[in-house]
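Here is the structure we will look at.
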Amino acid sequence: QVQLVESGGGLVQAGASLRLSCAASGRTFSNYAAGWFRQAPGKEREFVAAISRPGGTTDYGNSVKGRFTISRDNAKNTLYLQMNSLKPEDTAVYYCAAAWGFLGTRKETDYAFWGQGTQVTVSS
């Protein structure tokens, strides 16, 4: 199995940028598709972005499309989420996840491995 640890969260003002990282250990990270999800207080966890095993195919949730970019460096066993033009509604705990499939999907149940989450807070 693979272990995932997120970092890079914090408190920022609206309009700012943050880059989240997710360090993978254990099995070879390139064997997994990967994704980011988030959960705001009182809300269900929602899909943010997904990326295929080699990184050539990506998918984004409608609320972040055009502002967030998912990427991965398989040589460094690391997944990234570049977040630009942050809004207060982006405030949430952000989780990275790994899936057995080739392409990342939007379904939580397709992901077998999860990190512990990192808090992102955007003030207005």
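These numbers were taken from a predicted model, which means no experiment stands behind them. In what follows, every heavy atom counts, from backbone to side chain, and hydrogens, waters and symmetry copies are set aside.
Side-chain N or O atoms of R106 include none that pairs as donor or acceptor with a backbone N or O of A50 at under 3.5 Å. A donor-acceptor pair under 3.5 Å is absent between the side-chain atoms of T121 and the main chain of T91, judged by distance alone. Remark: side-chain polar atoms of R72 are not paired, donor with acceptor, to backbone N or O of P54 under 3.5 angstrom. Checking side-chain atoms of E6 against main-chain N and O of Q116 turns up a donor-acceptor pair under 3.5 Å. Between the side chain of Q13 and the backbone N or O of S123, no donor-acceptor pair lies under 3.5 Å.
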*Criterion ring pair (Phe, Tyr, Trp, His ring centres under 6.0 Å) on Y95 and W36, from CA distance to verdict*: CA-CA 6 Å; Y95 300 90; W36 289 96; 9.4 Å; no
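The shortest non-hydrogen separation linking K76 to T78 is O-OG1, 2.8 Å. Across all non-hydrogen atoms, the minimal contact from P88 to A14 is CD-CB, 4.1 Å. Nearest approach of V12 to A16, heavy atoms of both residues: CB-CB, 3.9 Å. The heavy-atom pair separating A92 from A40 by the smallest distance is CB-N, 3.8 Å.
Members clustered with F102: L103, by chain and number, using a 4.5 Å side-chain heavy-atom cutoff among hydrophobic residues.
With values rounded to the nearest 0.5 angstrom, N62 atom CG is found 10.0 Å from E46 atom CD. To the nearest 0.5 angstrom, S7 atom OG is 15.0 Å from Y94 atom OH. In this structure, L79 CG and L20 CG are separated by 9.5 Å, a value rounded to the nearest 0.5 Å. Rounded to the nearest 0.5 angstrom, L18 CG and N84 CG are separated by 9.5 Å.
Both V2 and W100 are members of a single hydrophobic cluster when ILVMFWY side chains are connected at heavy-atom separations under 4.5 Å. Note on V122: it clusters hydrophobically with F68, by side-chain heavy-atom contacts below 4.5 Å among ILVMFWY residues.
Applying the salt bridge (Lys or Arg N to Asp or Glu O under 4.0 Å) test to D90 and every residue at least two apart in sequence or in another chain returns R38, R67. In this structure, the side-chain contact (heavy atoms from CB on, under 4.5 Å) partners of E89, at least two apart in sequence or on a different chain, are K87. With sequence neighbours left out, the side-chain contact (heavy atoms from CB on, under 4.5 Å) criterion links A49 to Y60, I70, L81. Under the ring pair (Phe, Tyr, Trp, His ring centres under 6.0 Å) criterion, F37 pairs with F47, Y111, W114, sequence neighbours left out.
No hydrogens or angles considered: nothing links the side chains of S30 and N74 as a donor-acceptor pair under 3.5 Å.
The local environment of NZ in K65 is crowded, with over 12 non-hydrogen atoms from other residues, nucleotides or ligands closer than 6.0 Å.
Between F113 and Y32, the angle of the ring planes goes over 60°, which puts this pair in the perpendicular group of the 30/60° scheme.
Residue pairs meeting the disulfide (SG to SG under 2.5 Å) criterion with at least one member in residues 3-90, sequence neighbours excluded: C22-C96.
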